[in-house]
Structure formats: structure tokens, C-alpha cells
Amino acid sequence: MPITYYMIYSKSADKIIISDTSDFNIEHILDCGQVFRYLKTGDCYTLFAKDANCLLQSKDGCVIIKTKFVDFFVNYFDLDRDYKKIKSELVKFDELNEPIRFGSGIRLLNQDPLEMIISFIISANNNIPRIKMIIERLCKGLGQNMGDYYAFPTLNALQSADESFFKSIGAGYRAMYLVNASRQLKDFDLDYLKSLTTSDLRKKLVSLMGVGNKVADCIMLFAYKKTDLFPMDTWTKRVYTKMFNDKTVSADVMSKNLVGRFGDLSGYAQQYLYYYFRSLKLTY
DNA sequence: TTCCAGGGATATA
DNA sequence: TATATCCATGGA
């Protein structure tokens, strides 16, 4: 039986080395809108996820990930998935040809469900620099002090905060959503939810205050690896309009039509399209 | 000054 | 079920 998979990385106690960077690009991964907690310092990036951190650096054609949390980040960066295969399937769609070439090093991260729920409630009708700033203040205000950084807050910490706190960090009218959603989450088993179908999980997530279909799709894509979905935001609506020359349909119908087109790889297709067209500042 | 950002809640028909 | 309006904030 042939072995079709090969390792793109090696790991030791304190670092991961990505030897094949054709499917791993730091900028592509960080700038495609799935993650908000990172800093650029010189030619390095510092990334924070849940209560862990790592340092990312390109060197001699490799990417080095320095961290105390090696196994956590092997999973986080989705290193055991074959992105060549995914891209070879998606590139059969003409409209994905250039976006895949442009964002060839994108990977869909396996992020923490609670962090994604809170982050994407904050993301609604907001822009990425402000989302980053609000989340940074959130961690500083409620997250555990890890020494040289702050962890993402636990659910208990989030539940201890009131509306005035969330307003003080700049959340605006989403402050009330964050208070209510945090309360509602006491009845959620976030690990169990992964076993639900995309449709059932979406129903569960949109019951949270501040979570609609788009935010739910982002949570499912970035925390639960549900890829038979296509989050429709202000950019991907423009992509749809450009692709089909039709801006009369609702976002839900757009999403449904695109999932009909890209199937189980829709979530990946969405990231390539989002990253490419946002970089072009596509307008109607 | 107005528009816009990884939209959602609410009222209304 | 489908559409209209309102919502904090700050950069462009």
C-alpha cells in the first residue's frame, strides 16, 4: 500500500522546523483573517493562542517555530494535513487559480472554541485592527499573566466581567452580547460540539447572543474544522457578486450556492478567495 | 462629514 | 420567512 503522506516538518523539545514552505507561509496564515493575536517584531512574528505562545521566523528557506508548546502548535498549525491535495482539488475551479497561487501558504488553524466564539462576536461589523486591539485589551484585563504575555481569558474570567468592562475595552454595543454569551456558555460543552454535524452545530452556536450565521461559520471553520461551509462577510459578498454578476441574493443564499459549488472544501476555498480579494481591496 | 469594517438583534409585514 | 433600521468605534 503506497504511503501518500509525507511530513513537512520535524520537531524537538523546543521548536518545530517547517522544511517544505510551499504550503506554509507565515504572512499568508496570519493575514487571512482567522487569527487576531500576533505581533510583528523585526523579521519575526510572536503568536498567542489560548494560553500558549510561539515565535515564528523564516530562515534559509525554512520556517522555525520556537515554543514550549510543541505538540499544541503541531495541531494548531494543522501540520498533519496534506494541503497539496486540497489545493490540487480546488485549483480545478478557474476562479480559484489565482487566489491559490497568491495565498499558497495559507493553512486553516485549529483554534480554541471559546477564543473563536468571543473573538468573532467582537468581529461583527468591525475592522481587523480594532478587533485585534479589543482582544488584546480583553486578554490584558481578564487573562492570566503568563510572565511576558497574557493568556486568553477563561470562561470563568469572562463571566466575572460586566458590561462596563467590555465597553471600557472598546467593544461598543457588542459589550452586552459578550456578557450574555458568556453566561449562556455555562450550558455548553465545547468539546462535545465537535461531534455535531455542521447544520446542528450552526443551530447551537447561533443561539448565543451576538452569533449569527456568519460568525457561527467562522467559529466552525476556525475552531471545529467544519469545511462544508462558506462564511459570507462584506468581502466575500463582493467576490460572489463578481463571480456571478448577481448582488440581489441574500448572504445565506450566496453561501449555500458556494457550498454547492465547492462542497466539503468550501471553507478552504473561502479563505483563498477572502485573502486574495481583500488584498486587492475589491469594490463592487 | 460621511463611509466603512470578517454582522446581528429587533421590529414589522 | 423576508426586509429595514439601529447599533459603538475609529481610521480613511
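For clarity, every value in this text was computed on a predicted model and none was experimentally measured. Each chain gets a letter, A, B and so on, in the order the sequences are listed, and its residues count up from 1.
- Taking atom C1' in both B:dG8 and C:dG11, the straight-line distance is 23 Å, to the nearest Å.
- Whole-Å rounding puts the A:L205 CG to B:dG7 C1' distance at 15 Å.
- Remark on DNA chain B: of its neighbouring residues A:R130 and A:V206, the 5'-side contact belongs to A:R130, judged by nearest-heavy-atom nucleotide.
- Separation of the P atoms belonging to B:dA9 and C:dG10 is 23 Å when rounded to the nearest angstrom.
- Minimum heavy-atom separation, A:Y76 to A:Q111: OH-OE1, 3.6 Å.
- Nearest heavy-atom pair across A:N25 and A:H28 is OD1-N, 2.9 Å.
- Hydrophobic clustering, with ILVMFWY side chains joined whenever heavy atoms are under 4.5 angstrom apart, keeps A:Y150 apart from A:L47.
- Scanning DNA chain C for stems, defined as runs of 3 or more consecutive Watson-Crick or G-U wobble pairs whose donor-acceptor distances all fall under 3.5 Å, gives the following ranges: B:2-5 with C:9-12, B:7-13 with C:1-7.
- Taking each heavy atom of A:K87 and A:S22 in turn, the nearest pair found is NZ-O, 3.3 Å.
- Relative ring orientation between A:F102 and A:Y275 is described as tilted, the plane-to-plane angle lying within the 30° to 60° band.
- DNA chain B is contacted by both A:Q271 and A:L208; A:Q271 maps to the nucleotide lying nearer its 5′ end (nearest heavy atom per residue).
- Among the heavy atoms of the strands lying under 4.0 Å from A:V211 are primed sugar atoms or P, OP1, OP2 only; no base atom is included.
- Look at CZ on A:F165: it is 18 Å from P on C:dA8, rounded to the nearest Å.
- Look at CE on A:M133: it is 10 Å from P on C:dT9, rounded to the nearest Å.
- A:G210 comes within contact range of the sugar-phosphate backbone alone, with a heavy-atom separation under 4.0 Å but no base atom that close.
- Nucleotide B:dC4 holds its P atom 13 Å from the NZ atom of A:K237, rounded to whole Å.
- Checked for salt-bridge contact, A:D20 and A:K84 meet the test: a charged N lies under 4.0 Å from a carboxylate O.
- Following rounding to the nearest Å, A:I134 (CD1) and C:dG10 (P) show an atom-to-atom distance of 9 Å.
- The distance between the ring centers of A:Y272 and A:Y276 does not fall below 6.0 angstrom.
- Counting to the nearest Å, the C1' atom of C:dC7 and the CE atom of A:M209 are 14 Å from each other.
- Using a distance-only test at 3.5 Å, with no hydrogens or angles considered, a donor-acceptor pair links the side chain of A:Q34 to the main chain of A:L109.
- Near DNA chain C, defined here as any heavy-atom distance below 4.0 Å, the residues from residues 172-184 of chain A are A:G172, A:Y173, A:R174, listed numerically.
- Remark: A:F152 engages no residue in a ring-ring contact (aromatic ring centres under 6.0 Å, His included) (not counting sequence neighbours).
- At a threshold of 4.0 angstrom between heavy atoms, the contacts of A:F36 with the nucleic acid are absent.
- Closest heavy-atom contact between A:V91 and A:I100: N-CD1, 3.8 Å.
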Check residues 60-72 of chain A and write down every donor-acceptor pair under 3.5 Å in which the side-chain atom is one partner and the other belongs to a residue at least two apart or another chain.
unit_1 : atom_1 : unit_2 : atom_2 : d
A:T67  : OG1    : A:N53  : O      : 2.8
A:T67  : OG1    : A:F69  : N      : 2.9
A:D71  : OD1    : A:K11  : NZ     : 2.8

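- Between the NZ atom of A:K132 and the P atom of B:dA5 there is a distance of 17 Å, rounded to whole Å.
- For A:F230 and A:Y274, the distance between ring centers is not under 6.0 angstrom.
- Atoms NZ (A:K256) and P (C:dA2) sit 9 Å apart, rounded to a whole Å.
- At a threshold of 4.0 Å, the pair A:R107-A:D23 does not count as salt-bridged, since none of the basic side-chain nitrogens sits closer than that to a carboxylate oxygen.
- Taking all atoms of both residues into account, the shortest heavy-atom contact from A:A269 to A:L90 is N-CD1, 3.8 Å.
- A:Y83 and A:Y268 have perpendicular rings, their planes meeting at more than 60° on a 0 to 90° scale where under 30° would count as parallel.
- Near-neighbour residues of DNA chain B inside residues 224-233 of chain A, defined by a heavy atom below 4.0 Å, number-ordered: A:P231, A:D233.
- Interface residues of residues 107-128 of chain A facing DNA chain C, ordered by number: A:N125, A:N127; criterion, heavy-atom separation under 4.0 Å.
- Distances shown here put a side-chain N or O of A:R238 below 4.0 Å from the OP1 or OP2 atom of B:dA5.
- C:dT3 sits 22 Å from B:dA5 when the C1' atoms are compared, rounded to a whole Å.
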